[in-house]
Amino acid sequence: MSLLTMIVKMSEGLGKTCAIFFLTLLFSLPLGMLVALLRMSKSKIVSAITRAVITVLRGTPLMLQLLAVTYGPYYLFGAGVARNKLIPVVIAFSINYAAYFAEIYRGGIESIPVGQYEAAEVLGYTKAQTFLRIVLPQVVKRIMPSITNEVVTLVKDTSMAFTVSYQEMFTIGKQIANSQTSFLPFVVAGVFYYLFNAIVDYVMGRIEKRLDYYR
């Protein structure tokens, strides 16, 4: 198989890699905020349960979580395995990354001085208005470097989908490597991931610069 043919064949899986990436961000970013707010709840029970869930999600391998979400329903309830494996893959990725984003959000929110909340209260802002208009813009600016780091990691983690035989780019490269007894497909995959990450890093960098006015 020529290099060009190999690149074309692997690029077919790039769309599925992108689907995992964008859908995970779409669901995990807002879910992470919800989890962060539950983690900071004044209810000790809610906070403790949320903390335990985060600990489990951050303390177990993503690969294991992929297997659990994809095949768990079959072994536990006898339900059929999803025909479209993108669904369980995105669910597992979203839950896993929401746990990491939640802790990043929590750190950002707790870094805001108490005086700003008190000043907003004096000015007549409600708690929701204080959070959305005063706290959240500052939090977004402060956590952007950490969010960028997780987003870059997500690009590479999409390759974990091979665990459940989802035909994304790395899975196709692995199949070609096995059939051709060649390491070249892994090199091609590495270049793909590097270029993908370069684009992500550039975009996130531009967003950070646009938020400079919050300093």
Side-chain angles (χ1 to χ4, degrees), residues 13-40 47 50-70 86-112 131-132 135-164 166 168-171 189-212 214-215:
L14 183 60
K16 294 183 177 181
T17 296
C18 291
I20 297 172
F21 175 79
F22 288 111
L23 288 174
T24 297
L25 289 182
L26 177 64
F27 294 116
S28 64
L29 286 170
L31 180 58
M33 178 59 74
L34 175 61
V35 174
L37 295 176
L38 291 175
R39 172 71 175 81
M40 299 172 65
S47 180
T50 306
R51 182 178 181 180
V53 172
I54 291 174
T55 300
V56 171
L57 291 173
R58 296 177 69 195
T60 56
L62 174 57
M63 185 180 297
L64 177 61
Q65 294 168 30
L66 280 166
L67 292 170
V69 174
T70 304
L86 177 62
I87 296 174
V89 166
V90 170
I91 291 174
F93 269 87
S94 298
I95 294 174
N96 178 272
Y97 271 82
Y100 287 93
F101 287 139
E103 289 299 277
I104 293 174
Y105 289 144
R106 184 173 68 88
I109 293 171
E110 292 182 345
S111 70
I112 304 300
F131 181 76
L132 293 175
V135 176
L136 188 59
Q138 297 180 71
V139 169
V140 171
K141 168 58 184 173
R142 295 185 183 197
I143 67 175
M144 276 306 296
S146 298
I147 292 293
T148 298
N149 185 59
E150 290 300 321
V151 173
V152 168
T153 300
L154 173 59
V155 173
K156 296 176 287 185
D157 277 354
T158 56
S159 62
M160 289 283 189
F162 87 91
T163 307
V164 293
Y166 183 65
E168 44 73 56
M169 184 179 61
F170 183 80
T171 304
V191 172
F192 269 122
Y193 285 117
Y194 175 78
L195 293 176
F196 197 164
N197 261 329
I199 295 172
V200 169
D201 189 59
Y202 173 78
V203 172
M204 298 301 286
R206 294 291 298 177
I207 294 174
E208 284 190 47
K209 288 183 179 179
R210 291 289 298 272
L211 294 174
D212 278 349
Y214 284 127
R215 288 192 298 183

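Atom-to-atom distance recorded for T55:OG1 and E103:CD is 7.5 Å, nearest 0.5 angstrom. To the nearest 0.5 Å, the span separating OG on S94 from CG on L29 amounts to 9.5 Å. With rounding to the nearest 0.5 Å, the separation of CD1 in I147 from CG in L154 is 11.5 Å. Rounding to the nearest 0.5 Å places NZ of K156 at 13.0 Å from CZ of F196. How far CD1 of I104 is from CG of N149: 7.5 Å, rounded to the nearest 0.5 Å. The CG atom of L67 sits 6.5 Å away from the CG atom of L64 when rounded to the nearest 0.5 Å.
Take T70 and apply the side-chain hydrogen bond (donor to acceptor under 3.5 Å, both in side chains) test, not counting sequence neighbours, and it matches no residue. For the side-chain hydrogen bond (donor to acceptor under 3.5 Å, both in side chains) test, no residue two or more places apart in sequence or in another chain qualifies with E150.
Between the S47 side chain and the M40 main chain, no donor and acceptor come within less than 3.5 Å of each other. With hydrogens and angles ignored, the 3.5 Å screen pairs a side-chain donor or acceptor of T17 with a backbone N or O of M169. No side-chain donor-acceptor contact under 3.5 Å links Q65 to the backbone of A68. A donor-acceptor distance shorter than 3.5 angstrom exists from the side chain of R142 to the backbone of S111, with no hydrogens or angles considered.
Heavy atoms only, all atoms of each residue included: I143 and G108 are closest at CG2-CA, 3.8 Å. Taking all atoms of both residues into account, the shortest heavy-atom contact from N96 to L57 is ND2-O, 3.4 Å. In plain terms, the two heavy atoms of A99 and I54 that are nearest each other are O-CG2, 4.1 Å.
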Exercise for the section: Just do the side chain to side chain contact (heavy atoms under 4.5 Å, CB included) check on L136 and M33 with the steps written out, would you? Expected result: CA-CA 11 Å; L136 188 59; M33 178 59 74; 3.9 Å; yes
Practice task
Begin from the C-alpha positions of E168 and T171 and carry the test side chain to side chain contact (heavy atoms under 4.5 Å, CB included) through to its verdict.
Solution key: CA-CA 5 Å; E168 44 73 56; T171 304; 2.5 Å; yes
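Within the structure, ring-ring contact (aromatic ring centres under 6.0 Å, His included) contacts touching residues 88-111 (residues at least two apart or in different chains) do not occur.
Just one residue in the list V69, L86, L66 forms a side chain to side chain contact (heavy atoms under 4.5 Å, CB included) with I91, and that residue is V69.
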